[in-house]
There are 2 protein chains.
Amino acid sequence: MHAPTSSRISLLSHSVQPSLPDAFDPAPLQPVSFFPAGAEIYAQGEKAGAFYQVEFGAVRIYRLLADGRRQISTFHLAGETFGFEADATHHFFAEAINATAVGVLRLTTGADMSRQLLPLALKGLTRAQEHLLVLGRQNAIERVAAFLVDMAERQGGLRQVELPMSRMDIGDYLGLTIETVSRVFTRLKDKGVIRLLNLRSIEIVKQDVLQTMGE
Amino acid sequence: MHAPTSSRISLLSHSVQPSLPDAFDPAPLQPVSFFPAGAEIYAQGEKAGAFYQVEFGAVRIYRLLADGRRQISTFHLAGETFGFEADATHHFFAEAINATAVGVLRLTTGADMSRQLLPLALKGLTRAQEHLLVLGRQNAIERVAAFLVDMAERQGGLRQVELPMSRMDIGDYLGLTIETVSRVFTRLKDKGVIRLLNLRSIEIVKQDVLQTMGE
DNA sequence: CGCCTGATTGAACAGGTTCAAAACCAGTGG
DNA sequence: CCACTGGTTTTGAACCTGTTCAATCAGGCG
């Protein structure tokens with residue numbers, strides 16, 4: 001496991017409790033922890049008790065099978081919140097995809113906390129259930145299309161989309177191999193639906209076509 | 001849309017608000033609504049604003065693609081609660097699988113409500129994310145094994161498991177066709193892992209083997 | 001400039017789907 | 001009680017999409 005640039009443990013056990021900011025507050029939370037690319041933020045089985053807001057960078061949440069197969073359930077981009085669990089244990093792994101900063105908040109058990117967390121939990125639940133439809137019933141092209149549309153929306157609906165993650169990550173998110181992801185990108189490019197500006201950024205040329213494919 | 005045996009609308013718009021029972025209370029909630037097999041409890045796009053607890057029977061929660069492909073995200077058995085949404089709109093369909101009774105509760109916006117709902121939402125989130133691993137990374141035999149183990153656990157861990165739903169429902173839950181589901185059942189039977197007592201109930205003979213296959 | 005990792009492309013393969021037919025089961029009526 | 005009937009499930013065979021294995025290509029960093 002990688003160590004974050006500023007010790008995670010010391011921050012989590014920080015004895016001075018900062019005043020509770022609004023979970024939706026776009027301003028940075030305190031304290032902030034930094035993780036280099038690939039660093040583990042928490043592991044499955046670890047004790048939970050904090051939650052996190054991405055300041056910059058990107059985070060992948062995933063689970064593993066015994067033989068190493070991996071399923072990424074969500075990516076979290078700047079501004080998004082993650083880390084809340086049904087019980088005191090983390091059921092998933094969280095890793096920084098790139099150099100990432102996350103605001104860390106210890107959980108209190110207040111009613112306010114519930115009121116703030118519930119909308120986030122419900123939104124996450126809806127997203128997860130929508131992703132089930134993609135994995136259970138859509139083919140490779142539809143999966144990639146849905147992924148690109150989602151990423152574009154989360155980045156403000158611009159034509160140009162930044163993909164902070166590798167093909168491997170995309171594959172493990174969409175239940176595909178890297179080869180298939182790569183082939184689908186090529187296919188979409190040849191059809192003139194997208195343009196590959198470089199490995200990590202694409203331009204959506206035919207928004208409507210992509211939209212239709214992914215639903 | 002099927003009409004429930006006692007009108008859903010009249011129950012939902014019931015002007016007398018019963019005292020709020022504990023969401024975890026195993027005793028029947030009031031009022032109770034009855035639905036015959038296949039009846040719609042709510043539809044995607046409908047206004048949300050109530051939640052439900054299964055008294056007896058079983059419920060499927062699902063989403064559709066434009067061409068009719070269906071993904072069931074969850075089954076709810078007796079005692080389980082469903083129907084909470086991220087906003088005022090239902091994002092999924094809910095249908096009775098068999099003759100089913102559900103307790104109906106109108107939502108209030110209190111802090112108590114948040115505190116009661118949050119654990120349910122978080123549990124649902126964890127379940128959905130675990131199901132993502134099944135759909136994204138497991139093959140047909142592993143999916144069915146995981147499903148049977150889950151159903152067995154939810155029925156008290158007994159050897160004999162009742163499957164209230166059709167092969168079609170199981171397929172749409174596991175992202176498989178009915179033919180594949182049927183073939184896997186046959187394969188598991190031939191291996192001596194399960195016995196098919198009748199179409200809707202199976203006996204788990206080799207619990208350990210099934211367990212290992214599904215993880 | 002060269003190396004090393006990640007991405008792309010190619011060809012053979014396999015698991016699950018599709019299409020089709022037979023078997024089974026539950027419910028109904030004689 | 002049994003036969004009929006409609007729908008569901010099982011079984012079979014051909015097919016297809018995505019995987020696997022392998023080689024080439026590209027790009028970032030020392």
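Among the protein residues, A:G175 comes within range of the sugar-phosphate backbone only, with heavy atoms under 4.0 Å from sugar or phosphate atoms but none that close to a base. Using a 4.0 Å heavy-atom cutoff across all strands shown, B:N139 reaches sugar-phosphate atoms only and no base atom.
For the pair B:N198 CG and D:dT8 P, the interatomic distance rounds to 16 Å; values are reported in whole Å. Here C:dG16 presents its P atom at 17 Å from CG of B:D172, a figure rounded to the nearest Å. Atom CD in B:E142 sits about 12 Å away from atom P in C:dG15, given to the nearest Å. Taking atom CD1 of residue B:I141 and atom P of nucleotide C:dG16, one finds them 9 Å apart after rounding to whole Å. Taking atom CZ of A:R143 as the reference point, atom C1' of D:dT17 lies 11 Å away to the nearest angstrom. Rounding to whole angstrom units, CZ of residue B:R167 and P of C:dG16 are separated by 17 Å. Atom CD1 in A:I202 sits roughly 12 Å away from atom P in C:dT8 (whole-Å rounding). Between the CG atom of B:L174 and the C1' atom of C:dG15 there is a distance of 16 Å, given to the nearest Å.
Here A:E142 pairs with B:R69 in a salt bridge; the nearest charged N to carboxylate O distance falls below 4.0 Å. The pair B:K123-B:E80 fails the salt-bridge criterion, with no side-chain N (NZ, NE, NH1 or NH2) lying under 4.0 Å from an Asp/Glu carboxylate O.
For the helix from C:dC1-D:dG30 to C:dG30-D:dC1, the end axes, each set by the C1' atoms of five terminal pairs, are bent relative to each other by 30° (nearest 10°).
Inter-residue side-chain proximity for A:L135 and A:H131 is flagged as met; some heavy-atom pair is nearer than 4.5 Å.
For DNA chain D, the residues of residues 177-187 of chain B within the heavy-atom distance limit of 4.0 Å (strictly under) are B:E179, B:S182, B:R183, B:T186, sorted by number.
Results of the salt bridge (charged side-chain N to carboxylate O under 4.0 Å, His left out) test with B:D172 over B:R70, B:R63, B:R60 single out B:R70 as the only residue that passes.
Every residue meeting the ring-ring contact (aromatic ring centres under 6.0 Å, His included) condition with B:F82, not counting sequence neighbours, appears here in chain and number order: B:Y52, B:H76.
Side chain to side chain, A:Q155 and A:E153 fail the donor-acceptor criterion of an N or O pair below 3.5 Å. For B:E55 and B:Q53, the side-chain atoms include no donor-acceptor pair closer than 3.5 Å. No hydrogens or angles considered: nothing links the side chains of A:H90 and A:E46 as a donor-acceptor pair under 3.5 Å.
A distance below 6.0 Å separates the ring centres of B:F147 and B:Y173.
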